[in-house]
Amino acid sequence: MYLKRLHLRQFRNYLDQTVEFDAPKTILLGNNAQGKSNLLESVELLSTLRSHRTSRDRDLIYTGKSSAQVAAQLERDVGSIDLAFTLRLNSRRTVAINSETVRRQLDFLGIVNMVQFSSLDLDLVRGGPEQRRNWLDGLLIQLEPVYAHILQQYNQVLRQRNALLKSKQRSTFNGQQAGQPEQQFDSNLALEIQPTDPSPAPDNQPPQDELALWDAQLAATGTRVIRRRARVLQRLAPLAQRWHREISGSTEELTINYAPNVALEQDEPALIQQAFLAKIQERAIAEQYQNTTLVGPHRDEVAFTINETSARQYGSQGQQRTLVLALKLAELKLIEEVIGEPPLLLLDDVLAELDLSRQNQLLETIQDRYQTLITTTHLGSFDAQWLYSSQIFSVKQGQLAERI
């Protein structure tokens, strides 16, 4: 997989910029706030259709403009592919493959595979559970693009169930209580999504209770999320453990544990859904009190331990950096194994976060195997051979100039 060309038009602080990549490694050199990370963000959007820096499309559009576009030419084993991603202030985003607009954005996923490593990734260890779930989901979408649809289905059901919990108490779901304002619950959607799980509703609920319908849907969609998260961690964990041993000189042992909110004793959908519904029944009173869904993969956790000690609570900065580096190297290997081609590697200002030993480990691993885009404020971290085999661009105020 090789990114040949990138064209940014009215994207972030780039008014109109084309970049031709002619080396396996590209170094983007410049001071902070010049646009280095913006360029990497454009590649991330082509890969995942989302940015880890913002959830608002308006933030990605050049100030004063009404639209932005990221276009690329990608070389894969199957041949050359032209991609385009267009953002608009007052309309929906659109994507195109080989100049043909794609109706389902899901079909755009999985074409550009990449691993991104930025200074923000240290929060993967020391941040909250949501950051680890987002990281895991992002990896899954690249390995199995249909997972984006599965996750969207789950989140849609979760939103509707939460709206229903907020609108009525369990005992009065069949009618609006007198004096209460109408809540934002889409009953039409409840009719569209029919239960796919044959498990009965909790014993204390009427068979046709609206909440029971959403319970069944939450269990069915949530089970699909849980099973995929568990499977990908089973494949990733051994790779990360091997890298961690190598980087730490075999002095530390990494353990990665998936802690689903619903017990996962066997990878059997019917049993997981049964456990899901049983736990919903157990937490019914708490859900009434808090008016929110307390059961499901939106409350999952991924736990990292080093030598049987929590890396989040007790790991040193060096240990946490080693852990994240091991995870990223494991991602590279896993994606390559699954898709059959080395993914792109985006390194956003990470060398400054790593000591010399970890820098060397990372740069030696990359070599020319992975096309790499790396941002930096200085070239002191690279040896002469690395610089010789790299394409170097100076970045200043949204403009690139190749250094000869």
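Not measured: the values here are computed from a predicted model.
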### Query
Rounded to the nearest 0.5 Å, how far does CG of Leu40 lie from CG of Leu6?
9.5 Å
### Task
Look only at the side chain of Gln17 and the backbone of Leu400, and say whether a donor-acceptor pair between them is shorter than 3.5 Å.
yes
### Task
Return yes if a side-chain donor-acceptor contact under 3.5 Å exists between Glu353 and Ser119, otherwise no.
no
### Query
Do NZ/NE/NH1/NH2 and the carboxylate oxygens of Asp16 and Arg9 come within less than 4.0 Å?
no
### Task
Determine whether the side chains of Thr54 and Asp59 contain a donor N or O and an acceptor N or O closer than 3.5 Å.
yes
### Query
Without hydrogens or angle criteria, can the side chains of Glu44 and His52 be said to hold a donor-acceptor pair below 3.5 Å?
yes
### Query
Would Lys328 and Glu331 count as a salt bridge (Lys or Arg N to Asp or Glu O under 4.0 Å) if you check the C-alpha gap in whole Å, the side-chain angles of each, and the deciding distance to 0.1 Å?
CA-CA 5 Å; Lys328 293 301 173 179; Glu331 283 183 60; 3.3 Å; yes
### Query
Could you walk me through whether Asp267 and Arg227 pass the salt bridge (Lys or Arg N to Asp or Glu O under 4.0 Å) check?
CA-CA 7 Å; Asp267 187 17; Arg227 294 180 68 220; 2.6 Å; yes
### Query
Looking at residues at least two apart in the chain, or sitting in another chain, which of them share a side chain to side chain contact (heavy atoms under 4.5 Å, CB included) with Arg132?
Leu124, Pro129, Glu301, Val302, Phe304, Arg312
### Interatomic spacing from OG in Ser67 to CG in Asp57 - rounded to 0.5 Å
11.5 Å
### Message
Does either side chain, that of Thr293 or that of Glu287, offer a donor lying less than 3.5 Å from an acceptor on the other one?
### Response
no
### Task
Measure from the side-chain N and O atoms of Asn98 to the backbone N and O of Ile81, and report whether any donor-acceptor pair falls under 3.5 Å.
no
### Message
To the nearest 0.5 Å, what is the distance between CG on Asn291 and CG on Asn162?
### Response
9.5 Å
### CD1 on Ile141 to CG on Leu106, rounded to 0.5 Å
9.5 Å
#### Entry: Any side-chain heavy-atom pair of Leu158 and Trp214 under 4.5 Å
no
### Task
Return yes if a side-chain donor-acceptor contact under 3.5 Å exists between Gln319 and Glu252, otherwise no.
yes
#### Entry: Ring geometry between Tyr154 and His298 (parallel below 30°, tilted from 30 to 60°, perpendicular above 60°)
tilted
### Query
Gln397 and Asn13: side chain to side chain contact (heavy atoms under 4.5 Å, CB included), yes or no, with the steps?
CA-CA 7 Å; Gln397 296 180 346; Asn13 68 331; 5.6 Å; no
### Query
Can a donor-acceptor pair be found between the side chains of Arg88 and Ser66 at a distance below 3.5 Å?
no
### Query
Under 3.5 Å, side chain of Arg224 to main-chain N/O of Leu151, donor-acceptor pair present?
no
#### Entry: Smallest separation among heavy atoms of Val395 and Gly35, with atom names
CG1-C, 4.0 Å
### Task
For salt bridge (Lys or Arg N to Asp or Glu O under 4.0 Å), just list the numbers for Asp137 and Arg229, CA-CA rounded to whole Å, side-chain angles, deciding distance to a tenth of an Å, and then say yes or no.
CA-CA 8 Å; Asp137 290 338; Arg229 284 179 177 176; 3.0 Å; yes
## Note on the structure
The reported gap from OG1 in Thr375 to CD in Gln34 (rounded to nearest 0.5 angstrom) is 12.5 Å
### Query
Which is it for Lys4 and Glu20 under the salt bridge (Lys or Arg N to Asp or Glu O under 4.0 Å) test, yes or no, and what are the steps along the way?
CA-CA 6 Å; Lys4 291 282 292 181; Glu20 301 277 353; over 6 Å; no
